[in-house]
Amino acid sequence: MKMNLSSHIVLNKVPEQFYRPRTAVDRSEITRCEKIFTDIFPKVEEGAKVIADAVEEEIHRAKAEGRNCVLGLGTGQSLTPVYTELIRRHNDYGLSFANVVVFNAYEYFPLRPGSSHSSIRQLRELFLNHVDIAPDNVFTPDGTIPQESAIQYCRHYEDLIARHGGIDVMLLGIGRMGNIATNEPGSTITSTSRIILIDDTSREEMTLSFGSQEPVPPCSITMGIHTILSARKVFVTAWGDEKADIIERMVEGPMSDAIPASFLQTHNNAKVIIDLAAAAKLTRIVHPWLVTNCEWTDKQIRSAVVWLCHVTGKPILKLTNKDYNENGLSELLAKFGSGYNANIKIFNDLQHTITGWPGGKPNADDTYRPERAKPFPKRVIVFSPHPDDDVISMGGTIRRLVQQGHDVHIAYETSGNIAVGDEEVTRFMHFINGFNQIFAGDADKVIKDKYSEIKKFLAEKKQGDCDTRDILTIKGLIRRGEARTACTYNHIPLDHVHFLDLPFYESGKIEKLPMTEKDVEIVRHLIQTVQPHQIYVAGDLADPHGTHRKCTDAVLAALDLEKEAGAEWLKDCRIWMYRGAWAEWEIENIEMCVPMSPEELRAKRNSILKHQSQMESAPFLGDDERLFWQRAEDRNRGTAKLYDNLGLACYEAMEAFVEYIP
């Protein structure tokens, strides 16, 4: 069973020459904008293997020279695949770490004994406890020291590194703010080990990596930029869409203390190892015509022309031959004979993505429409990772599908219970208790006892404590009620509303359980029962909590099993990916765009507002200060503005989709 198909989604089908150049000359050509050696891999596992190869080689070299191999190690989600590969080599092939000395890159401060937020504890769980590194060879900053001793202690840590001959290989991830270790923006190139205040965004990332709701301590004792640059080799890893922006700024942007990782541009043996998703904003991937000759696919041509419009500030039909020549797109003039011909092609391509009939228009010529006319009406399943992603991401399209007579099912994949604040539970428990007192004379003992029990638990609950199963159940019921209300508002029958409650989500913590075949089979049973003509899934793979990716993986795995089984219904089914809560599709990738009038946008807002627990008091709004309905409206209006700027029809707002082909 293929559990990670979402990682294979590459919208532009990036030619191999752009991430796996054949010769050194080819590499030098396509990487001319990159200031740090960067290797891109289609799969995370391939990138992790390359780093593991380098670590293994260094261990063997040190052993042959009769010395220890000194590793500087970070923690976090980006390095997990690397540690997994090194552990595999230890278990399966006997790779020994007996001659390895480890220096932990940072530790949180101040730490209380036994805190779950200990960096060295996380490193032990991820890696150290699974290999044969001697405990005496593991060194880490001490987060429990008195603050007045910190300066002297940090000097001692630097001396320890020097006495062991310096760091041979440094392994690090990169944060969304460009931090390496916990060197936050503002860190200088000369900084050494020290106490530093952790930025709020970095703290949120670190909380996620621990999978706990307990807040990360405000400070850290970290290796400095100078300490890291003193290592003989440095590897920085990043995987996934959410790291694409910061990777581009680190690798191609100017060196600046605003992006501490950019100081690695000065290192003569630093390497960035990333997957295609994290490389999405690098010039050789997103604008390859600026660095080399291209094989011009339709998507590549559209991307180039849209980019040219942004550069020149012109709509498509006003681009001239001079615009193409002056901006490195003369190849398109040769291909089309003139800029006008290229303009017309791309204008028509984008025009054909716009449709007011997302389920297909009956009795119409569908040659240039994104969806086919038949069958009509269609059976549709909208998969929603949480009980509000459907309306946030495609609420306008759902209303269109229903109004146009399609048989629409909404499948909520997770309960969303950890994203409900305790005050919501208190409010509902007050109602239930009051109801019992008024209408049952306080006779229902179950309500009385449960009310007292939950009230006591919440009163004594400390920050970071996990909820009881009863409270999680109540929170799940709150979200179910909100989802049903939103579906009723959108005229979807309640027997078409499915709560799948996928088991991987039910950890009670931010960190979810691994997705298993049980999750996939729940999804598969639904699609086998409905046998839809259309499926909508989340393409918001930058969701910082990872739930969207796992939910989409479950759907894609179920579809893959159906394909292998030769399911006939699948041949007449199209899969559309939406975004909305965390990002929006780039216009060059959009294959279907559904416009909304001001009234339709207002109706979409109303359906989002039915999810009251996710308004101001929602625990996981992320680092975006806007509420979800505001994000959705801004993104939908932004997409409409892009179409307008390109000289196409001007709408109030638009919802965008990309087709997934199994």
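The residues of the chain are indexed from 1 along the displayed sequence.
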Legend entry - Trace of the ring-ring contact (aromatic ring centres under 6.0 Å, His included) decision for Phe103 with Tyr157: CA-CA 9 Å; Phe103 283 91; Tyr157 199 61; 5.7 Å; yes

Inset, instruction - Decide side-chain contact (heavy atoms from CB on, under 4.5 Å) for Ile161 and Met223; before the verdict, give the C-alpha distance in whole Å, the side-chain angles of both, and the deciding distance to 0.1 Å. - result: CA-CA 10 Å; Ile161 295 172; Met223 288 186 186; 4.1 Å; yes

Inset, instruction - Kindly determine whether Asp241 and Arg549 satisfy salt bridge (charged side-chain N to carboxylate O under 4.0 Å, His left out), including the steps that lead there. - result: CA-CA 11 Å; Asp241 311 66; Arg549 181 179 290 276; 3.3 Å; yes

Inset, instruction - Could you please spell out the steps behind the ring-ring contact (aromatic ring centres under 6.0 Å, His included) verdict for Phe127 and Phe97? - result: CA-CA 11 Å; Phe127 178 54; Phe97 293 82; 5.5 Å; yes

Inset, instruction - In sequence, state the C-alpha distance, the side-chain angles, and the governing distance for Ile274 and Val236, and then conclude on side-chain contact (heavy atoms from CB on, under 4.5 Å). - result: CA-CA 8 Å; Ile274 53 180; Val236 176; over 6 Å; no

Legend entry - Criterion side chain to side chain donor-acceptor pair (under 3.5 Å) on Ser384 and Glu413, from CA distance to verdict: CA-CA 6 Å; Ser384 180; Glu413 294 172 89; over 6 Å; no

Inset, instruction - Dump the intermediate steps for side-chain contact (heavy atoms from CB on, under 4.5 Å) on Ile40 and Val14, then the final yes or no. - result: CA-CA 11 Å; Ile40 304 169; Val14 178; over 6 Å; no

Legend entry - Residue pair Thr38, Leu282: steps toward the side-chain contact (heavy atoms from CB on, under 4.5 Å) verdict: CA-CA 10 Å; Thr38 303; Leu282 294 180; 4.2 Å; yes

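In this structure, a donor-acceptor pair under 3.5 Å is absent between the side chains of Arg121 and Thr75. No side-chain donor-acceptor contact under 3.5 Å links Glu158 and Thr192. Side-chain contact check for Ser119 and Glu107: no donor-acceptor pair (N or O, by modelled atom type) lies under 3.5 Å. Side-chain atoms of Thr222 and Ser220 include no donor-acceptor pair closer than 3.5 Å. Of the N and O atoms on the side chains of Asp257 and Thr188, not one donor lies less than 3.5 Å from an acceptor on the other residue. Asp389 and His386 form a side-chain donor-acceptor contact under 3.5 Å, judged by distance and modelled atom types alone.
Scanning both residues, Cys551 and Phe504, for their nearest heavy atoms gives SG-CZ, 3.9 Å. Leu123 and Gly74 get closest at one heavy-atom pair: CD1-O, 3.9 Å. The shortest non-hydrogen separation linking Ala238 to Ala278 is O-CB, 3.7 Å. Of all heavy-atom pairs between Ile174 and Lys243, the closest is O-NZ, 2.8 Å. Among all heavy-atom pairs drawn from Ala656 and Ile590, the shortest one is CB-CD1, 3.5 Å. Minimum interatomic distance between Gly580 and Arg635 (heavy atoms only, all atoms of both residues): O-NH1, 2.8 Å.
Among residue pairs with one or both ends in residues 229-238, those qualifying as salt bridge (Lys or Arg N to Asp or Glu O under 4.0 Å) are Glu58-Lys233, Asp168-Arg232; sequence neighbours excluded.
A salt bridge does not link Lys49 to Glu45: none of the charged side-chain nitrogens sits closer than 4.0 Å to a carboxylate oxygen. Taking 4.0 Å as the cut-off between side-chain N and carboxylate O, Asp53 and Arg89 count as a salt-bridged pair. By the 4.0 Å N-to-carboxylate-O rule, Glu29 lies too far from Arg284 to be salt-bridged with it. The residues Glu85 and Arg88 are annotated as salt-bridged, a charged nitrogen and a carboxylate oxygen being separated by less than 4.0 angstrom. Asp39 and Lys271 are not joined by a salt bridge, as no carboxylate oxygen comes within less than 4.0 angstrom of a charged side-chain nitrogen.
Note that CG of Asp142 is 7.0 Å distant from CD1 of Ile221, once rounded to the nearest 0.5 Å. Atom CG of Leu513 sits about 7.0 Å away from atom NZ of Lys550, to the nearest 0.5 Å. Atom-to-atom distance recorded for Thr31:OG1 and Phe18:CZ is 12.5 Å, nearest 0.5 angstrom.
With a 4.5 Å cut-off on side-chain heavy atoms, Ile167 and Leu71 do not count as touching. When side chains are defined from C-beta on, Leu171 counts as touching Val55, because their heavy atoms get closer than 4.5 Å. Side-chain contact between Val420 and Arg479 is present, with heavy atoms from C-beta onward closer than 4.5 Å. With contacts defined as side-chain heavy-atom distances shorter than 4.5 Å, the pair Ile180/Leu264 qualifies. At a threshold of 4.5 Å between non-hydrogen side-chain atoms, the residues Tyr108 and Cys219 do not count as touching. Side-chain contact check for Leu128 versus Val138: some heavy-atom pair is nearer than 4.5 Å. When side chains are defined from C-beta on, Ile587 does not count as touching Thr639, because their heavy atoms never get closer than 4.5 Å. With contacts defined as side-chain heavy-atom distances shorter than 4.5 Å, the pair Asn183/Ser191 qualifies.
By the 6.0 Å contact criterion, CZ on Arg155 is open, its count of non-hydrogen atoms from other residues, nucleotides or ligands being 12 or less. The local environment of CD in Gln152 is sparse, with at most 12 non-hydrogen atoms from other residues, nucleotides or ligands closer than 6.0 Å. Enclosure of atom CD1 in Ile189 by more than 12 non-hydrogen atoms of other residues, nucleotides or ligands within 6.0 angstrom is indicated. Within a 6.0 Å sphere centred on CD of Glu148, other residues, nucleotides and ligands contribute more than 12 heavy atoms. Within 6.0 Å of NE2 on His130 lie more than 12 heavy atoms contributed by other residues, nucleotides or ligands.
Checked options Arg631, Gln630, Arg637; the residue passing with Glu633 is Arg637 (criterion: side-chain hydrogen bond (donor to acceptor under 3.5 Å, both in side chains)).
Checked against a 6.0 Å centroid threshold, the rings of His164 and Phe139 count as neighbours.
Checked against salt bridge (Lys or Arg N to Asp or Glu O under 4.0 Å), Lys475 has the following partners two or more places apart in sequence or in another chain: Asp422, Asp467.
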